[in-house]
Novice: 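Take this structure first; my questions come after.
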Amino acid sequence: VEVEGSTVVEILRDLDIKYPGIRQKLYDGKDIKRFINIYLNDEDIRLLGGEQTSVSTGDKVSIIPAISGG
């Protein structure tokens with residue numbers, strides 16, 4: 001999907017506007033849930049600037065829930 005914003009947090013807000021309720025799936029209170037991984041162009045945003053990581057036109061943001069088990 002295409003969303004607008006200049007940071008990860010802004011695009012997540014826009015995503016929630018376009019798909020109401022998605023924020024509840026991604027956030028635990030005010031923070032991103034521990035087992036939700038967000039990547040900007042294959043880089044974990046936790047290793048970049050977190051939610052304040054800058055996003056440019058054409059960047060790819062992936063939201064991936066962690067999967068565990070055996």
Novice: Answer yes or no: is there a side-chain heavy-atom contact under 4.5 Å between Arg34 and Asp28?
Specialist: no
Novice: Okay, side chain of Asn41, backbone of Lys60: is any donor-acceptor separation there less than 3.5 Å?
Specialist: yes
Novice: Should we say atom OH of Tyr27 is surrounded by more than 12 heavy atoms from elsewhere, each under 6.0 Å from it?
Specialist: yes
Novice: Around atom NZ of Lys33, are there more than 12 heavy atoms of other residues, nucleotides or ligands at under 6.0 Å?
Specialist: yes
Novice: Atom CD of Glu4 and atom CZ of Arg13: how far apart are they, to the nearest 0.5 Å?
Specialist: 14.0 Å
Novice: At their closest point, which heavy atom of Lys30 faces which heavy atom of Glu51, and how far apart are they?
Specialist: O-OE2, 4.4 Å
Novice: Is there a side-chain contact between Ile45 and Ile32 (heavy atoms, below 4.5 Å)?
Specialist: yes
Novice: Quick check for you: to the nearest 0.5 Å, what is the distance between Thr7 atom OG1 and Leu40 atom CG?
Specialist: 11.0 Å
Novice: For the CD atom of Glu10 and the OG atom of Ser54, what is their distance to the nearest 0.5 Å?
Specialist: 9.0 Å
Novice: Could you state the interatomic distance from CG (Asp59) to OG1 (Thr53), rounded to the nearest 0.5 Å?
Specialist: 10.5 Å
Novice: Spell out, yes or no, whether Tyr39 and Leu26 are grouped together once hydrophobic residues are joined by side-chain heavy atoms under 4.5 Å, including indirect joins.
Specialist: no
Novice: With side chain to side chain contact (heavy atoms under 4.5 Å, CB included) as the criterion, how do Ile63 and Ile22 come out once you've worked through the C-alpha distance, each side chain's angles and the decisive distance to 0.1 Å?
Specialist: CA-CA 11 Å; Ile63 302 170; Ile22 198 157; 5.6 Å; no
Novice: Step by step, would you call Arg46 with Asn37 a side chain to side chain contact (heavy atoms under 4.5 Å, CB included)?
Specialist: CA-CA 9 Å; Arg46 292 180 193 130; Asn37 300 303; 2.9 Å; yes
Novice: Same hydrophobic cluster for Val1 and Leu12, using side-chain heavy-atom links shorter than 4.5 Å among ILVMFWY?
Specialist: yes
Novice: Do Ile17 and Val8 sit in one hydrophobic cluster, given that two such residues count as connected whenever their side-chain heavy atoms are within less than 4.5 Å of each other, even indirectly?
Specialist: no
Novice: For Val3, is there any backbone N or O sitting under 3.5 Å from a side-chain donor or acceptor partner on Asp14?
Specialist: no
Novice: Would you say the side-chain atoms of Lys18 pair up with the backbone N or O of Glu2, donor to acceptor, closer than 3.5 Å?
Specialist: yes
Novice: Please check if Ile36 and Val61 belong to a single hydrophobic cluster, counting links between Ile, Leu, Val, Met, Phe, Trp and Tyr side chain heavy atoms closer than 4.5 Å.
Specialist: yes
Novice: Same hydrophobic cluster for Phe35 and Ile38, using side-chain heavy-atom links shorter than 4.5 Å among ILVMFWY?
Specialist: no
